[in-house]
Amino acid sequence: ALIAYADEDPQAGQGLFVRALDANGKPTAEAERIDHSTSLYYTSLSIKPLGTGAGLAYVRYALDYTTSEIVFVPLDATGKATREPWVLAKAAGPSPSIDFIMDSEGGGIAYSIAEASTGRQVWFQQIDSTGMAAPHVMASTSWGTPPLSVGDCQLVEGDGGTTACDFVV
């Protein structure tokens with residue numbers, strides 16, 4: 001199993017790490033640093049099985065949102081990146097979201113971005129079992145204000161609704 005986490009260190013900036021765990025949840029090796037910055041932060045981490053390893057999707061952003069990126073990186077079974085991170089969106093805005101899902105036939109990455117000129121957009125990128133992109137975007141949609149996010153779906157059930165929902169592809 002693999003676990004992903006962001007760590008903030010005032011002396012060294014912020015880092016994004018992945019660590020391999022045994023069946024009892026104990027670390028089996030040192031953490032692998034996936035990303036590091038003195039000015040960017042990491043949020044919305046999503047790590048799931050991908051082929052013989054895993055895939056890690058996350059948001060990388062600056063506090064003033066001059067940088068706000070949706071990022072995906074495939075990992076081997078030990079948590080090491082198998083290639084450079086793939087930036088899916090470079091201007092994701094102040095409230096992006098990302099998730100991905102895989103099965104025996106492939107999968108996809110669903111993410112939302114908010115741009116001032118186009119409003120909220122939801123994108124889906126098909127990927128194979130190695131995390132490589134399909135030749136084209138499979139689907140997208142957009143809508144205007146008010147901006148919505150994955151978390152807003154629980155409002156559909158009314159004031160008493162507390163059921164969380166996920167993007168399911």
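For the residue pair Arg60 and Ser37, no side-chain donor N or O sits within less than 3.5 Å of a side-chain acceptor on the partner. There is a side-chain donor-acceptor pair under 3.5 Å between Ser46 and Asp99. Residues Trp123 and Gln121 bring a donor and an acceptor atom of their side chains to less than 3.5 Å of each other.
Nearest heavy-atom pair, Ile98 versus Ser44, reported as atom, atom and distance to 0.1 Å: CG2-O, 3.7 Å. The two residues Pro74 and Thr130 come nearest to each other via the heavy atoms CB-O, 3.7 Å. Minimum interatomic distance between Ser95 and Ala114 (heavy atoms only, all atoms of both residues): OG-CB, 4.4 Å. Ala54 approaches Leu2 most closely through the heavy-atom pair CB-CD1, 3.7 Å. Pairing each heavy atom of Asp128 with each of Leu50, the nearest pair is O-CD1, 3.7 Å. Here the shortest heavy-atom pairing between Pro27 and Arg19 reads CB-CD, 3.5 Å.
The environment of Lys90 atom NZ is sparse: at most 12 non-hydrogen atoms of other residues, nucleotides or ligands sit within 6.0 angstrom.
Residues Val18 and Ile47 have side chains in contact (heavy-atom distance under 4.5 Å, counting atoms from C-beta outward). A heavy-atom distance below 4.5 Å is found between the side chains of Met132 and Arg83. Within the 4.5 Å cutoff, no side-chain heavy atoms of Thr28 are placed close to those of Thr78. Counting only heavy atoms from C-beta outward, the side chains of Leu16 and Asp7 never approach each other to under 4.5 Å. Side-chain contact between Ser68 and Pro96: present, with at least one pair of heavy atoms (C-beta onward) separated by less than 4.5 Å. In this structure, Phe100 and Lys48 have side chains that are in contact, with non-hydrogen atoms separated by less than 4.5 Å. The closest side-chain heavy-atom distance from Tyr41 to Glu8 is below 4.5 Å. At a threshold of 4.5 Å between non-hydrogen side-chain atoms, the residues Thr43 and Tyr61 count as touching.
Annotation: the span from Thr52 atom OG1 to Leu75 atom CG amounts to 10.5 Å, rounded to 0.5 Å. Distance CZ/Phe72 to OH/Tyr111: 12.5 Å, rounded to 0.5 Å.
Both Tyr65 and Leu63 are members of a single hydrophobic cluster when ILVMFWY side chains are connected at heavy-atom separations under 4.5 Å.
Under the 30°/60° scheme for interplanar angles, the aromatic rings of Tyr5 and Phe17 are found to lie parallel.
Residue Ile70 forms a side chain to side chain contact (heavy atoms under 4.5 Å, CB included) with just one option from Ile113, Ile109, Val87, and that option is Ile113. With Val71 as the fixed residue, the side chain to side chain contact (heavy atoms under 4.5 Å, CB included) test singles out one of Tyr58, Trp86, Tyr42: Tyr58.
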*Verdict with supporting geometry, Glu84 and Val73, side-chain contact (heavy atoms from CB on, under 4.5 Å)*: CA-CA 7 Å; Glu84 290 296 312; Val73 60; over 6 Å; no
